[in-house]
Amino acid sequence: MKAIIFIVLVAISAFWLYRAANGLIKPLPKPEVSNNTYWGPGKPVNYEAPTDIVPFEIKYDQTIIDDLRTQLNRTWKFTAPLENIKFEYGFNSEALRHIVDYWRDYYLVKWSAHEDYLNSLPHFKTEIQGLKIHFIHAKPSAEARKEKKVVPLLLLHGWPGSVREFYDFIKLLVEVSEVNDYVFEVIAPSLVGYGFSDAATRPGFDILQMAVVMRNLMLRVGFEKFLIQGGDWGSIIGSAISTLFPENVLGFHSNMCVLITPLDSIKSYIASWMPERFIPAPFFYNHHFPLKDKYKFMIVETGYFHIQATKPDTIGIALDASPIGLAAYILEKFQVVTGDRRKQEFNAMDKTYKLDAVLDNLMIYYLTGSATTAARFYAENVASDSKAMSLFRVQTTVPMGCARFKYDVPPALDWSLKDKFPNLVHSTYFNQGGHFAAMELPVMLYINFQEFTKKAIAD
Ligand SMILES: *[C@@H]1O[C@H](CO)[C@@H](O)[C@H](O)[C@H]1NC(C)=O
Ligand SMILES: *[C@@H]1O[C@H](CO)[C@@H](O)[C@H](O)[C@H]1NC(C)=O
């Protein structure tokens, strides 16, 4: 009798455990999302977006630049770093002081040359769902069009990046070269709430809504079918477009292939005991393991995420009010995820990307005053009624490509990625490089993207 009760209890527990686990790990159905929600100010009746696309130039009054130079010249309370400390406690104030001097006395003095450089690619704006959206539209030359097949490409940046990340990469993408079979017609938008694009005026603008706007932008420009490339939020948004609108996506290539799902955590844990079964070479184990170090990295480096996901307006006010504070907050991220020089060298950013490129990106946040609206995107994606996180569990058959750079945030294993992207056609590892791959290693990313394109759109 006792044995029967025991067996029945075990069976019942096993059944509940199975149900609970299954609820946590089985793929979810594709959510419904309206394709035309209005996000502008007010509530216009019978709104129809104007469909014109107008050229846009980055042009700021000299008085704004002079005012910034004056602000950077004020005495600021400078707390010396602790002895023998570099960037372990946050951005090193000694290093920042040198950067601020350079910013004020060298970079800003030549601002019009930086502005010309930013305008060296063609910029446009068009209104989507009540929001003026800014984008770069770079086309291959007429000769290139004759020689190679042209493919439209949506390039998506993240936080705290901008379209500035892509300048070197775009110049490669539109050119004919020996290694390529394709040239690309590139659309690189500023995300909603970032840089030169408008921000939503009501709560709820999450990844699903960003995906809708970016897809509508591609349709507006005239592309029904296109490739997507992105890192950071750009990767997660690209994944969302591929999931919600697979009919429009020829292929999706990511340089931050992460999955945030319970099943991914379980699989990482299992794989950590036998990495040789899941990772092509021991050389690359450190991209994923040891898990202890990866979790530590995620805890130590993502405090900003918690702040922006809970109180974006508070941190936003501080950042929009203080250019030096904004510099410390944004440059810290470029420092931390920068190649193998992370945390050590004061001039790591200059070595890796050129300081001017990092300052161009910082200027976009400063001039557009977008620290608050950019930070809000975090809050919208973790809001309880957002489906942003559950989207990681909705499958898509869009061809996927993954480029894992050594010093980026820990990526997903192929074993996990295939849960979401059963059509994973290109999976690669690099033994160098960090989070801002397009900026740090544009040629490598370009070659990798070409390899992916051949597989994704092979006839
Ligand atoms: C938007 O959704 C409506 C209703 O489902 C549909 O009729 C329309 O074709 C969709 N438009 C686009 C651009 O997908
Ligand atoms: C910065 O302040 C110093 C000393 O007050 C002054 O000589 C210099 O002209 C100022 N520079 C700028 C760019 O405001």
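Being a predicted model, the structure only gives us computed values, none of them experimental. As the structure lists them, so they are numbered: ligands from 1, and atoms in each ligand from 1.
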Within the 4.5 Å heavy-atom criterion, are L131 and F205 side-chain neighbours or not? yes

When you measure from atom 4 (C) of ligand 2 to the protein, is at least one non-hydrogen atom found at a distance under 4.0 Å? no

At less than 4.0 angstrom from any non-hydrogen atom of R215, what atoms of ligand 1 do you find? 12 (C), 13 (C), 14 (O)

Quick one: does atom 11 (N) of ligand 2 have a protein heavy atom under 4.0 Å from it? yes

Test item: V54 and T126 side chains (from C-beta on) under 4.5 Å apart, heavy atoms: no

Before signing off on this row, confirm whether N73 and ligand 2 have an N or O atom pair separated by under 3.5 Å. yes

Per-atom contact, atom 14 (O) of ligand 2, protein heavy atoms, under 4.0 angstrom: yes

Hey, can you tell me if F196 and Y60 have their rings parallel, tilted or perpendicular (30° and 60° cut-offs)? tilted

Would you mind checking which non-hydrogen protein atom is closest to atom 8 (C) of ligand 1, with the distance to 0.1 Å? N35 ND2, 3.7 Å

Quick one: does any side-chain atom of D206 pair with a main-chain N or O of S386 as donor and acceptor, under 3.5 Å? no

Any donor and acceptor pair, going by atom type alone, linking the side chain of Q71 with main-chain N or O of S322 inside 3.5 Å? no

